[in-house]
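One structure is given here, and the rest of the page talks about it.
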Amino acid sequence: MARVKVAVSGVTSQSNHQDGECKNITNLRPERGYYKPVTPRKIVQAITDDYDIVFVHKGNDYENWIGVINSTTSSSIYTNIKTVPSAIGGSIYERINSVQQIGNTLSFVTDNAIYYALYKNNNYVFLGEIPEIPNLSIGAYNETTVSRTYQEEYGSSIDWAEIVNLTKGLVYKATDIIVNGGVVGGVPVDGVGIMLFDAHLLRYAFRLYDGTLIKHSSPLLVLPASSILDIKKIKFITTGPLALDTSSYIKVTGYNIGIQIDTSGIEPWKDIITSVDIFLSPPLGLSNIEKLTEDRLLKEFKTASDAGGSGPESRIFESLDKEGLKNVSIESKFYFIKSLRIGEWSNPLTPYIIPTTQPDITKLENLIYQELMIDDQFSHHSYGANSSFIYNNRLRLSQIRTTFFKGFNTQHFNWQTNYNGTAAPSTSSDPTIIEVELLVDNKTQYVYAPYMDYFGSAPEPFLQSYLSYPDPRAKKMRIYKSASGVWGEVFSASLEPHAYLNISFFVNDNLAPIKQTGTNTRTPVTVMLPVTLFEKNKLKLSEINNPFILPSINTYLVGTGEILAESSIIMNVSDRNYGMYPVFVFTTDGVFTMAGQDAETVHSSVQAPTYLEPPISSVIGATPYGVVFITKRGLMQINNYKTEFLSQLLREDDDTLNIDLTGITGSELSYPTASFNVFLKTATSMVYNPYQDELIISASGYPYNYVYDYETKSFYLSTNMVGLIVQNSFPNIYYITDNNLIDISQSQGKASKVTLLTRPIQFQSADIKKLERIFLRALMYNASNINVAAYHSMDGVTFDPIRGFAFGAGGNYKDFDLGLMARETYRQYLFLLTGTIDEESQIEYIEFEVDKNYNNEKMR
């Protein structure tokens, strides 16, 4: 008779199981060669409300507990949920999917948008969505003209062969007198400072706290109140053939820009949006004296000669220069000229004249050496996401929904003074609205940008000549006006994509202002549905330490399937490669690997799956060994080097065993109630417990968790139900179950209710075995309500009791001996233990006295 030692080795379901594998191990964890009780985790305190998301917002000197309650149509946010909850802002009228932190800013991500809250002075300021850039009212002011004769500059003798250069020089001299002062006609003239002498494009944007720009305006074409062709004029007076009277003269006109803006509505954002910054293009060349030709001057001279010595005062340039017009359409460089700080300059009534101060003048004198505006990254659109993730201080959004910008309204383009020689009309109280036609996902759709509000008053359309929409997918723009309640289309133009900017644009013929060109009774769409685009395989990443900007260069399409989740490996304490881990993107096409970030690149590559078994769930678990995900076969784990199958031992359906449990009670005996793969179909969370080096898998509808122990690579069950995981609580791990906040690292008392039920034990032989005795080698402290039993079977399905005992009183025990057994000759045996024991208890192994080679001829 041999003694056989059978070590307990975790819950399995595979048909070719080994002795010691179990059908049920509940609340017993492998630890240092033993199985030790898992006690209930410590209840820290009660939580009064049912929260859908709990997030710990942590800084150097604060730790704030944030709770989100989602209803069918809205969401509410609270802080101080462990003490006295207080609301952060009002309701958000959609469901919050996730909460993320970068510094003292919280991002609340919904399907359609991102809402922000800022923690400042021990209080949260709910900011909501990023505001739209306010309208900048603009006009041409302070036109100043200087006349200068050839005689004043060159004396009585003029060499006609040098007339082009002399005329250019005269223009430059007149320009200098306007700016710096001088003598005109013998009279001293004060300079008015630097002015504009050509057409320019102007653009403005929000400046954020880190110096980046967002919400860029449309490029606005800046032109004088007079015609751009009238700001340089010439008059020739002749005294004979090719004889020019030195009283001939030129005129040069300069102008300033006047701007008005109201930034008071952005005051709550002034910690994020520090200023509205204005940028200007170089001169566009519509009035560039360097393009003057001798043919042009000869024509003027002939006109003067034909007029009997004095020709009319005429334009130096008769028509708009083709190259200059081309510059209007292709110009993409804008240089910083003025910053209007939020809260410091917010006067919507008094125009600010540019240039005014010496810094303004200095910037314009050295325009191309100023800061160059980086193009807008579609920041007018709103972005939402089904899921989000923070990695290396970047906000990462996946399964992106883009809501297209409604467009700039008529006030954005409106001009406040005469424009390019056209008088401004009188105002009107008729509402106007701009419609933009978009081609999105191969469908024509429309967005509408009202002036103030849809039924508000508006001036009659008098717009500068350059219209745009901040997306190249825009195809057409229409302006509607309501007169006596009847809508009519008063302007329409096709838009074309810009060669360099992220806009579609239109430039009016001859750079004339855009006015009402007619009226028909076409009515805009009355139901203004948002235009959205959902891209299930798209990722967008923010700037580092800045969740407000999502650059186009940080946008990735990952495969063609649906992105379910993304994660990176949890950093080991000893790992010095923080930030260099790849990010795994779990999609219905497989798991893609995005290369680790470095100083220059966010992700240099996206690698197609090398292991093609796709995930079937958005539930993932990051561990120091890899990221665990769910497939049809079970649990997989991927890391930098390989993908491994963690649940190989649970890959099959559980075997059906009919065990006579008469007299033994406890619902735990029926665990598991479903196969592991069925359990995983309703998985709700996977959380790594660093204190025990294990992964806890929870599923909806089950009164137990599966727990994977990394040291032994085995599973056990736990009735410590992991409910709502508290996010961002590392290194602590908390969860909320039945409105109780629970700390996973601490026990609630010492007692634990445990169950151990082996799978059929065959002692490595399918023959009939003769069993004499069973020992459970263990130390049991404060053991109570103990049931220890052994069962036998001939068919491996039906098991009847052999021997067992039960006792209710508590006590300390070393080993359990089920006593001598007579004529127990069966093929398979089971062992069962249930009861309550203290956490210091330890179960080592089960020992059997068995004859594995039973040779009874009659039995044969």
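Excluded from the calculations below are hydrogen atoms, water molecules and symmetry mates; all remaining heavy atoms, backbone and side chain alike, are included.
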Measuring only between side-chain heavy atoms, which start at C-beta, is Pro355 closer than 4.5 Å to Ile194?
yes
Check: Glu143 side chain, Ala225 main-chain N or O, donor-acceptor pair, under 3.5 Å:
yes
Identify the two heavy atoms, one from Thr293 and one from Val164, that lie closest to each other, and give their separation to 0.1 Å.
C-CG2, 4.0 Å
Met477 side chain reached by Ile434 side chain, heavy atoms, under 4.5 Å
yes
Checking side-chain polar atoms at under 3.5 Å, does Asp376 have a donor or acceptor matched by the opposite partner on Asn502?
no
Can you give me the closest heavy-atom contact between Asn288 and Phe317, atom names plus distance?
O-CZ, 3.1 Å
Testing the 3.5 Å rule here: is there a donor-acceptor pair between the side chains of Thr253 and Thr145?
yes
Compute whether any side-chain donor of one residue and acceptor of the other, for Tyr446 and Glu435, lie under 3.5 angstrom apart.
no
Could you check, using the six-membered ring where one of them is a Trp, whether His381 and Phe405 have ring centers closer than 6.0 angstrom?
no
Take Arg315 and Asp230 through the test side-chain contact (heavy atoms from CB on, under 4.5 Å) and record every step on the way to the result.
CA-CA 6 Å; Arg315 296 165 171 172; Asp230 285 333; 2.7 Å; yes
His380 and Phe408: aromatic ring centres closer than 6.0 Å?
yes
Hydrogens and angles aside, do Asn409 and Tyr448 bring a side-chain donor and acceptor to less than 3.5 Å of each other?
no
Between the OG1 atom in Thr402 and the CG atom in Leu533, the distance rounded to the nearest 0.5 Å is 5.5 Å
Side-chain donor-acceptor pair present, Thr110, Asn97, cut-off under 3.5 Å
no
Hey, could you give me the CG/CD1 distance between Leu127 and Ile266, rounded to the nearest 0.5 Å?
12.5 Å
Are the charged groups of Asp441 and Lys443 less than 4.0 angstrom apart, N to O?
no
Take Asn537 and Tyr556, measure what side chain to side chain donor-acceptor pair (under 3.5 Å) needs, and give me the verdict at the end.
CA-CA 8 Å; Asn537 61 335; Tyr556 301 88; over 6 Å; no
Any side-chain to backbone donor/acceptor pair from Asn256 onto Ala140? Under 3.5 Å, distance only.
no
NZ of Lys168: more than 12 outside heavy atoms within 6.0 angstrom?
yes
Side-chain donor-acceptor pair present, Glu331, Ser281, cut-off under 3.5 Å:
no
Using the side-chain contact (heavy atoms from CB on, under 4.5 Å) definition, which of the options Pro219, Pro497, Ser332 pairs with Ile503?
Pro219
Lys251 side chain reached by Ile231 side chain, heavy atoms, under 4.5 Å:
no
When every non-hydrogen atom of Thr274 is compared with those of Tyr209, the smallest separation belongs to CG2-CA, 4.0 Å
Run the numbers on Thr403 and Ser382 for side chain to side chain donor-acceptor pair (under 3.5 Å), then give the verdict.
CA-CA 5 Å; Thr403 301; Ser382 293; 5.7 Å; no
Are the side chain of Asp176 and the backbone N or O of Tyr172 linked by a donor-acceptor pair below 3.5 Å?
no
Check the surroundings of atom CG in Asn142: do more than 12 heavy atoms from other residues, nucleotides or ligands lie under 6.0 Å from it?
yes
Is there a donor-acceptor pair under 3.5 Å between the side chain of His498 and the backbone N or O of Ser329?
yes
For the ring pair (Phe, Tyr, Trp, His ring centres under 6.0 Å) test, which of Tyr204, Tyr335, Phe336 pairs with Phe279?
Phe336
Sub-4.5 Å side-chain heavy-atom contact between Leu201 and Leu284:
yes
Is there side-chain contact between Leu463 and Pro513, with at least one heavy-atom pair below 4.5 Å?
no
Is there a side-chain contact between Thr422 and Phe462 in this structure, where contact means two heavy atoms from C-beta onward sitting under 4.5 Å apart?
yes
In short, Ser217 meets His412 closest at the heavy-atom pair CB-CE1, 3.5 Å
Does one side chain, of Thr444 or Glu437, offer a donor that lies under 3.5 Å from an acceptor on the other?
no
Would you say the side-chain atoms of Asp198 pair up with the backbone N or O of Leu286, donor to acceptor, closer than 3.5 Å?
yes
Would you tell me whether Glu496 and Ser504 have side-chain atoms, one donor and one acceptor, within less than 3.5 Å of each other?
no
Answer yes or no on whether Lys540 is positioned over the face of Tyr383, meaning its NZ or CZ is under 6.0 Å from the six-membered ring centre and within 45° of the axis.
yes
Side-chain donor/acceptor of Lys291 to backbone N/O of Gly285, under 3.5 Å:
yes
Is the closest basic N to carboxylate O distance between Lys299 and Glu318 below 4.0 Å?
yes
Is there a donor-acceptor contact under 3.5 Å from the side chain of Thr532 to the main chain of Pro530?
no
Output field: ring centroids Phe108/Tyr116 closer than 6.0 Å:
no
Centroid-to-centroid, Phe491 to Phe506, below 6.0 Å?
yes
Would you confirm whether Thr212, through its side chain, and Leu208, through its main-chain N or O, come within 3.5 Å as a donor-acceptor pair?
no
Decide yes or no on side-chain contact (heavy atoms from CB on, under 4.5 Å) for Ile400 and Asn386, but give the supporting numbers first.
CA-CA 7 Å; Ile400 306 296; Asn386 285 3; over 6 Å; no
Keeping the roles fixed (side chain from Lys232, backbone from Ser287), state whether a donor-acceptor pair exists under 3.5 Å.
yes
Output for pair (Thr105 OG1, Asn545 CG), nearest 0.5 Å, gives 10.0 Å
Student check: side-chain heavy atoms of Phe206 and Leu213 closer than 4.5 Å
no
Does Trp415 offer a backbone N or O that forms a donor-acceptor pair with the side chain of Gln464 under 3.5 Å?
no
When the aromatic ring centroids of Phe505 and Tyr466 are compared, is their separation below 6.0 Å?
yes
Gap separating the CD1 atom of Ile214 from the CZ atom of Phe548, nearest 0.5 angstrom:
8.5 Å
Residue of the set Lys338, Lys215, Arg207 for which salt bridge (Lys or Arg N to Asp or Glu O under 4.0 Å) holds with Asp277
Arg207
Do NZ/NE/NH1/NH2 and the carboxylate oxygens of Lys536 and Glu562 come within less than 4.0 Å?
no
Working to the nearest 0.5 Å, report the span between CG of Leu220 and CD1 of Ile257.
10.0 Å
Shortest non-hydrogen contact from Ser492 to Lys476?
OG-CE, 3.2 Å
What residue among Leu196, Thr417, Thr144 forms side-chain contact (heavy atoms from CB on, under 4.5 Å) with Tyr255?
Leu196
Does the distance from a Lys or Arg side-chain N to an Asp or Glu carboxylate O, for Glu323 and Lys326, drop under 4.0 Å?
no
Please name the pair of heavy atoms, one in Ser137 and one in Gln411, separated by the smallest distance, quoted to 0.1 Å.
OG-NE2, 4.2 Å
